[in-house]
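Single-structure report; data block below.
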Amino acid sequence: MEDIGRAFLAALTLLVTGDGDLYAIAARSLFVTVSAIVIAAAIGLPLGAWLALRRFPGRRAVIATLNALMGLPPVVVGLTLYLLLSRSGPLGALGLLYTPWAMILAQLIIALPIIASIAHQTLRELWAEYHDLLIALNTTPAQRLRTLLWDGRRALLTAVLAGFGRAIGEVGAVMIVGGNIDQVTRVLTTAIALETSRGDFALALGLGLILLGIALAVNLGVHALARTERRGRW
């Protein structure tokens with residue numbers, strides 16, 4: 001317990017004194033995850049809405065596959081991306097391996113099925129409620145899509161936040177394609193794993209506190225902007 005207490009005190013000291021390495025790693029981690037989630041939301045939300053609206057052969061199989069991909073093993077994502085992006089791989093000419101862009105791609109692949117699947121479940125129920133009204137108003141498919149996305153925006157925030165939570169805590173895939181290179185691809189989760197293996201528990205704990213703080217701040221900020229807990233809503 002004394003070791004944990006000393007590590008916690010040392011971690012707080014690093015946070016308060018504004019340790020440069022600590023905050024540089026945190027900033028890089030936030031950049032990678034936010035970039036991945038913005039792209040995943042731009043693809044996943046319309047995809048979920050489209051699956052809720054459209055009926056086509058094989059739709060059930062597509063939805064079942066999307067749901068199954070929510071539990072996609074990160075190490076499999078990392079290994080597959082590594083083979084694609086390595087020098088001898090089909091995408092090796094792009095030179096993305098061991099860069100933040102490869103890490104963004106890994107987090108995008110992990111978060112996209114989560115956002116699309118939760119969005120589909122949410123908008124399917126909303127579409128059942130709006131179906132007769134929107135058909136009677138003779139709206140176009142694009143207008144129905146926009147209506148569902150706008151009216152379901154608060155519930156869709158849950159989908160985006162779920163994807164954010166999964167992405168920012170990811171370590172296996174980003175370490176395989178990023179390499180955990182100092183000042184280049186080292187992010188919070190890979191740094192925690194490295195410092196723990198080195199026995200530098202103070203820095204590892206400080207990084208962990210920042211990771212928790214970022215996750216909490218993003219969730220509180222999004223809920224505050226969306227005003228999801230307004231007085232009188234319960």
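Owing to the predicted nature of the structure, the values given are computational and were not obtained by experimental measurement.
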Show your reasoning for whether side chain to side chain contact (heavy atoms under 4.5 Å, CB included) applies to Ile109 and Leu72. CA-CA 9 Å; Ile109 294 172; Leu72 195 62; 4.0 Å; yes

Can you name the closest pair of heavy atoms from [X] and [Y] and give their distance?
X: Ala111; Y: Ala40; answer: CB-CB, 4.4 Å
X: Ile118; Y: Ala162; answer: CD1-CB, 3.9 Å
X: Pro113; Y: Leu66; answer: CB-O, 3.9 Å
X: Trp50; Y: Leu145; answer: N-CD1, 3.9 Å
X: Leu123; Y: Leu149; answer: CD1-CD2, 3.9 Å
X: Met103; Y: Thr185; answer: CE-O, 3.1 Å

Any chance you could measure [X], atom [atom1], to [Y], atom [atom2], to the nearest 0.5 Å?
X: Leu161; Y: Asn219; atom1: CG; atom2: CG; result: 4.5 Å
X: Ile214; Y: Leu216; atom1: CD1; atom2: CG; result: 11.0 Å
X: Ile176; Y: Leu83; atom1: CD1; atom2: CG; result: 9.5 Å
X: Ile114; Y: Leu69; atom1: CD1; atom2: CG; result: 10.0 Å
X: Leu112; Y: Leu47; atom1: CG; atom2: CG; result: 7.0 Å
X: Leu30; Y: Leu188; atom1: CG; atom2: CG; result: 8.5 Å

By the rule that ILVMFWY residues connect when side-chain heavy atoms come within less than 4.5 angstrom, directly or transitively, which residues belong alongside Val171?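 ILVMFWY cluster around Val171 also holds Met175.
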
Begin with the C-alpha distance, continue with both residues' side-chain angles, and end with the deciding distance and a verdict on side chain to side chain contact (heavy atoms under 4.5 Å, CB included) for Thr190 and Val187. CA-CA 6 Å; Thr190 59; Val187 293; 3.6 Å; yes

Which residue pairs pass the side-chain hydrogen bond (donor to acceptor under 3.5 Å, both in side chains) test with at least one member in residues 52-72, sequence neighbours excluded?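 Qualifying pairs: Asn67-Ser117.
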
Would you mind listing every side-chain hydrogen bond (donor to acceptor under 3.5 Å, both in side chains) that reaches into residues 26-36, with sequence neighbours excluded?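 For residues 26-36: Thr33-Gln107.
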
Check whether any side-chain N or O of Glu170 sits under 3.5 Å from a backbone N or O of Gly172 as a donor-acceptor pair, and report yes or no. yes

Given 3.5 Å as the limit, does a donor-acceptor pair link the side chain of Arg144 with the main chain of Thr139, or not?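 At least one qualifying donor-acceptor pair exists.
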
Counting C-beta onward and ignoring hydrogens, is there a side-chain heavy-atom pair between [X] and [Y] closer than 4.5 Å?
X: Val32; Y: Val174; result: no
X: Phe56; Y: Leu51; result: yes
X: Asp151; Y: Thr147; result: yes

CA sep, side-chain torsions, deciding dist, call: Arg166, Ile110, side chain to side chain contact (heavy atoms under 4.5 Å, CB included): CA-CA 8 Å; Arg166 176 74 187 277; Ile110 291 169; 3.6 Å; yes

Cation-pi check, Arg153 onto Trp150 ring (under 6.0 Å, within 45° of axis):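 Judged by the rule, Arg153 and Trp150 form a cation-pi pair.
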
Fit a plane to each ring of Trp101 and Phe31, take the angle between them on a 0 to 90° scale, and name the class: parallel (under 30°), tilted (30 to 60°) or perpendicular (over 60°).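 Perpendicular, since the angle between the ring planes exceeds 60°.
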
More than 12 heavy atoms of other residues, nucleotides or ligands under 6.0 Å from CD of Gln143: is that the case?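 More than 12 within 6.0 Å, yes.
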
Path from [X] to [Y] over hydrophobic side-chain contacts below 4.5 Å:
X: Leu94; Y: Leu81; answer: yes
X: Leu126; Y: Ile115; answer: yes
X: Val184; Y: Ile104; answer: yes
X: Val75; Y: Leu79; answer: no
X: Ile43; Y: Leu105; answer: yes

Evaluate Trp127 against Leu148 for side chain to side chain contact (heavy atoms under 4.5 Å, CB included), listing each step before the verdict. CA-CA 7 Å; Trp127 174 236; Leu148 289 183; 4.0 Å; yes

